[in-house]
Trainee: 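Once you've had a glance at the structure underneath, I'll fire off some questions.
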Amino acid sequence: MGASSLTREDAMTRAEQIRVEDCRVTVDLSGAREPGATTFGTEVTVRFTAEAGAETFIDFIHDTVSAVELNGESLDVDDVVEGSRIRLPELGTANELHVVGRALYSRSGEGMHRYVDPQDDSVYLDTQYEPADCRRVFPVFEQPDLKAVYYFTVITPPEWLAASNGDPTGQNTTDDCDVPGAVAHDFAPTQRISSYITTILAGPYARFTDEWSGTDPQGEAVTIPLTLYCRRALAEHMDTQELFMLTKQGLDFFPRLFAFAYPFGKYEQAFVPEYNLGAMENPGLVTFTEAYLFPSGATRAQLAGRANTLLHEMSHMWFGDLVTMRWWDDLWLKESFAEFMGAYASVHATEYTDAWVTFALARKEWAYRQDQLPTTHPIVADIPDLEAARQNFDGITYAKGASVLKQLVAFVGEEAFMDACRAYFRRFAFENTSLDDFLEVLDEASDHDVRAWAQQWLHTTGVPVLEVRLPGSVDDDAAAPGAHATHDGAGSGDPADPAAVDGTAAASATLTQRAASLRPHGLTVGRYTRDGDAVVTTARTEVRVPASDTPVPVTGLGDAPSSEAQDGASFLLVNDTDLTYCLAHPDPESLAAITRLVGAIEDPLARAVAHSQVWAAVRDARLSPREYVSMAARECGAERHAAILTTVLDHAGQALGEYVPYQYRTASRREFLEALRNALLAAEAGSGEQLVLARAFAREAARDGSYARQVQEWLGDEGTVAGLPLSSELRWSLLTALTATGHATVSELETEHAQDPTRDGRLGYTRAVAAIRSDRAKHEAWQRIVAGELSNDELSATISGFQLAAPAVLHRYESEYFAHFAEWWDTHSMEIATRMVRGLYPRAIEVRAASSDPKEHPVVRETHAWLDAHRDAPGALRRIIMELAADAERAVELQVACLSR
């Protein structure tokens, strides 16, 4: 059944009318093991106060509703059930609502997800609700500011375990369920929390236990039980020592940092299949995608990413769970903070002290891209309804918000920022807040004008651009009043230059902020010079850029070669410590030097920032995508930081697939493949870098069959490639490369699948079959996709394989796409529809001539025609299509620019 999208106005009205006391929930999962099970029983009793005589509603996306009783009176189900709402008339001042019904199991990852393990047919259940899918499991007042105390009873088959937010309090056999003889698991009441962070886990999960012992901020001894869960098939890959250690490090760190004890009792973490998110911060029971368990091996970057996510979710226990935004406009109050805190805690509490490196290159790229789309929005967003809320879990809310918080810390000082956080938790514990509430405590903790700062950074859109000019290329006397640079001598050992501090020294360069997005910045600029085989910083200066487009002198870096005399061995790197959120545009000579020398920059954070600027130059048509691919080919054998290597290779793959003109792609891809192959064979056997290289090689080999014989030889070897174990994931990636290029058969895939019944094997087989190079295979894959019977991960695997085809093949499906994607949106859940609409969008963008008009490319034109003709389409769908249109137009523009060079 369809679900109405709760509006902000509806939520405000309901919050004014009622206050929820508690909610007692029983879900009957006893029949979940039955083949083809689609529904489960759910029963709720809610106590709440209200204005006498008021009328409101409770939310429930259901299969059936069999009983509704309000204050002891049975209501006519046909009369009060209206779609996904149950109308509640004539309320008293104190009310008790009892609802009995059946809800639907999910295969989309929304609500109560039911997964059947292909290895042993075991059934596993888990829930995911954010922002509003709790109503798919039980009737609930589904908005974040109607917090309640929750009591859960979960009925399961006898041998299953169950978990929820609260501590288990007991279990007993019951016949009052779908399958008599099942076990009812009872859980202690929660704290007052929002509905979207309640959770249920049930199934034959493997379970591992430990405990954290320490003292709370008041010095009292505390013991917190710790538990890890995963499917039985993955139990051998649960690296409990690492995960428990990270959990304990977080529990050591955050309560001290925030001066507020962990407030939710036990700390459990479950790794679950087919999860739509990286993780979810359910208090007492955090859920993660099981992709974080790495049965096929992991690089240090993957391990660091998992640690970051674990700490991100733990910080939510304070930012989001203890103190929760009132409405989704202020989603940033939890996600931006958690994104920042994940990296901050990684650096300060774990061995992954380079977390800001990954943030500077990979995470901020997500923000830069999102902020350049026509659908960009302020960090504090306008969220009129739940559909809009679901779309705002994006690069703005996460990565831009965290980047801006990093700049805020530089602006007010780290201790003032943390003092504000501490006051925020003390003042608003278990309540709901808005931006004004946080600014209130920040005002008290800081001497700076934080409200002006918030207006400039949180309520505006667009990426600030700082253009760098060397002496001789701009008016050197131009400087913004009050703008200055201060020299800290970083990397040079020289004392601070007094002339640099007062701005009277000769400028090494000037920074000019584009007028379209003026913000104040505190940042650093470093001078980098080649020293033998390395590029090192010889000086660094702090620069304050006001919200103005007047050029700001950069002083204190010593003599700089003019733009006419640059020797290519020295360059300036703007924002080299990554304090602010901006795109830096070096002058052309500096950009050439950075592109040539980036791999030799000694400091990983500066190297990441430099790589980010090189990639931004590609996306802004200041650097040829072919040159970027050549740079990646040149550097891939030398880069030792797994996160940098992974991101650069991913960017090179995107450049090859979208930005390099079609007539140049074969030559560029073969140059790239040859470099990857050679680097892979030369890398340390079994190293993380070798694994990154092998994955990139397999991905690109699926687009070019010239290395098929090499791939076949590797698959026929003794289970390794140059000492790298051929895991299930990697074997299937290489097999897909063969099928996509016409060098493997269905029978070969079936033989491999019979030997690998794991989840990775099943998804690998699904993708490889969809990638088969034949018209029939593509037609069958398309039919499986649009039939709507695949689970979320099966759908994505099929779409990924389908898209591995020559442009001429994919062009045949473009008219089908434009004719039906709006129908998919109407007939599928948002998660499934989003994967279909985004995944099947025509990406075979080809430009044949430098004179091509981007807006006249058939895909761009057809997309804009649909947008023009469907202005009343759902806002979330229009947003996705607008973003896809912008991506397609950029691809055309960059191909045209490349052809014009």
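Values reported hereafter were calculated over all heavy atoms of this structure, with side chains retained and with hydrogens, waters and symmetry mates removed.
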Trainee: Under 4.0 Å between a side-chain nitrogen and a carboxylate oxygen: does that hold for E351 and R300?
Mentor: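 Result for this pair is yes, salt bridge flagged.
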Trainee: Does the side chain of H312 come under 3.5 Å of the side chain of E335 through a donor N or O and an acceptor N or O?
Mentor: yes
Trainee: Just by distance, with hydrogens left out, do E893 and Y659 show a side-chain donor and acceptor under 3.5 Å apart?
Mentor: no
Trainee: Distance from K364 atom NZ to L583 atom CG, nearest 0.5 Å?
Mentor: 9.0 Å
Trainee: For the side chain of Q895 and the backbone of V847, is there at least one donor-acceptor N/O pair under 3.5 Å apart?
Mentor: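 Checked: pair present.
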Trainee: Under a 3.5 Å cutoff, is there a donor and acceptor pairing between the side chains of Q513 and H521?
Mentor: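 Their side chains do contain a donor-acceptor pair, which is all the 3.5 Å distance test asks for.
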Trainee: With a 3.5 Å cut-off and no angle check, do the side chains of R527 and T538 form a donor-acceptor pair?
Mentor: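 Side chains of R527 and T538: no pair found under 3.5 Å.
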Trainee: Between atom CG of D887 and atom CD of Q654, what is the distance when rounded to the nearest 0.5 Å?
Mentor: 8.0 Å
Trainee: Step through it carefully: locate the ring centre of F359, locate the ring centre of F340, and say whether they are under 6.0 Å apart.
Mentor: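 No: the rings miss the under 6.0 Å criterion.
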Trainee: Are side-chain N/O atoms of T580 and N575 paired as donor and acceptor at under 3.5 Å?
Mentor: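 No pair is found: no donor N or O on one side chain lies under 3.5 Å from an acceptor on the other.
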Trainee: Tell me yes or no: between the side chains of D650 and T647, is some donor less than 3.5 Å from an acceptor?
Mentor: no
Trainee: Under 4.0 Å between a Lys/Arg side-chain N and an Asp/Glu carboxylate O for K400 and D371?
Mentor: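 Yes.
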Trainee: Using a strict 4.0 Å threshold on nitrogen-to-oxygen distance, state whether D756 and R731 make a salt bridge.
Mentor: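 Looking at R731 together with D756, the answer is no, because their closest N to O distance does not fall below 4.0 Å.
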Trainee: Could you tell me whether a side-chain N or O of H743 sits under 3.5 Å from a main-chain N or O of T741, the two making a donor and an acceptor?
Mentor: yes
Trainee: Strictly below 4.0 Å, N to O, side chains only: are E467 and R514 in salt-bridge contact?
Mentor: yes
Trainee: Would you please say whether a donor-acceptor pair under 3.5 Å links the side chains of R843 and Q803?
Mentor: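 Short answer, no.
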Trainee: Is it the case that the side chains of R607 and H641 hold a donor-acceptor pair, with the cut-off being a distance below 3.5 Å and no angle test?
Mentor: no
Trainee: With a 3.5 Å cut-off and no angle check, do the side chains of S570 and Y528 form a donor-acceptor pair?
Mentor: no
Trainee: Do T376 and Q370 have side-chain atoms, one donor and one acceptor, less than 3.5 Å apart?
Mentor: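 Result is no, nothing qualifies.
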Trainee: Take a 6.0 Å sphere around CD of E684 and say whether it holds more than 12 heavy atoms from other residues, nucleotides or ligands.
Mentor: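 It does not: E684 CD has 12 such atoms or fewer within range.
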Trainee: Checking side-chain contact (heavy atoms from CB on, under 4.5 Å) for the pair T524/L579: CA distance, chi angles, key distance, verdict?
Mentor: CA-CA 7 Å; T524 60; L579 292 180; 4.3 Å; yes
Trainee: So, for A621 and R901, which heavy atoms are closest and what is the spacing to 0.1 Å?
Mentor: O-NH2, 2.9 Å
Trainee: Between D239 and R306, does at least one N-O distance fall below 4.0 Å, as a salt bridge requires?
Mentor: yes
Trainee: Would you check if the side chain of T739 reaches a backbone N or O of A768 as a donor-acceptor pair within less than 3.5 Å?
Mentor: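 Yes; at least one donor-acceptor contact below 3.5 Å.
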Trainee: Say you draw a straight line from CG of D587 to CZ of R469; how long is it, rounded to the nearest 0.5 Å?
Mentor: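 Between D587 CG and R469 CZ, I get 9.0 Å after rounding to 0.5 Å.
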Trainee: Treating D603 as the side-chain partner and A606 as the backbone partner, does any N or O pair qualify as donor plus acceptor under 3.5 Å?
Mentor: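 Confirmed, D603 side chain pairs with A606 backbone.
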Trainee: How long is the span from the CZ atom in R619 to the CZ atom in R369, to the nearest 0.5 Å?
Mentor: 6.5 Å
Trainee: Can you tell if the side chain of L523 reaches within under 4.5 Å of the side chain of T577, non-hydrogen atoms only?
Mentor: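 Not in contact.
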Trainee: Can you tell me how far the CD atom of E627 sits from the OG atom of S630, to the nearest 0.5 Å?
Mentor: 7.5 Å
Trainee: Shortest non-hydrogen contact from L656 to E700?
Mentor: CD1-OE1, 3.7 Å
Trainee: Is E658 close to I845 at the side-chain level, that is, under 4.5 Å between some pair of heavy atoms?
Mentor: no
Trainee: Return the CD1 to CG distance between I644 and L649, rounded to the nearest 0.5 Å.
Mentor: 11.5 Å
Trainee: Tell me if a side-chain donor or acceptor on T646 pairs with a main-chain N or O of A642 at a distance below 3.5 Å.
Mentor: yes
Trainee: With V525, which of D576, L557, L573 fulfils side chain to side chain contact (heavy atoms under 4.5 Å, CB included)?
Mentor: L557
Trainee: Compute whether any side-chain donor of one residue and acceptor of the other, for R835 and S796, lie under 3.5 angstrom apart.
Mentor: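 Judged by distance alone, the side chains do pair up.
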Trainee: Taking all heavy atoms of P586 and all of V468, pick out the closest pair and write down the distance.
Mentor: CA-CB, 4.0 Å
Trainee: Check for me whether the distance between the ring centres of W714 and Y707 falls short of 6.0 Å.
Mentor: no
Trainee: Just checking, is any N or O donor in the side chain of S728 or S296 under 3.5 Å from an acceptor N or O on the other one?
Mentor: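 No, S296 and S728 have no side-chain donor paired with an acceptor closer than 3.5 Å.
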Trainee: Look at atom CD of Q241 and say whether more than 12 heavy atoms of other residues, nucleotides or ligands are closer to it than 6.0 Å.
Mentor: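 12 or below, so no.
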Trainee: Under 3.5 Å, side chain of T541 to main-chain N/O of G556, donor-acceptor pair present?
Mentor: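 Looks like no, no N/O pair under 3.5 Å.
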Trainee: For D704, which of R699, R670, R665 qualifies under salt bridge (charged side-chain N to carboxylate O under 4.0 Å, His left out)?
Mentor: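 One option only clears the test, and that one is R670.
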Trainee: Is the shortest distance from a Lys or Arg side-chain nitrogen in E365 or R363 to a carboxylate oxygen in the other one below 4.0 Å?
Mentor: no
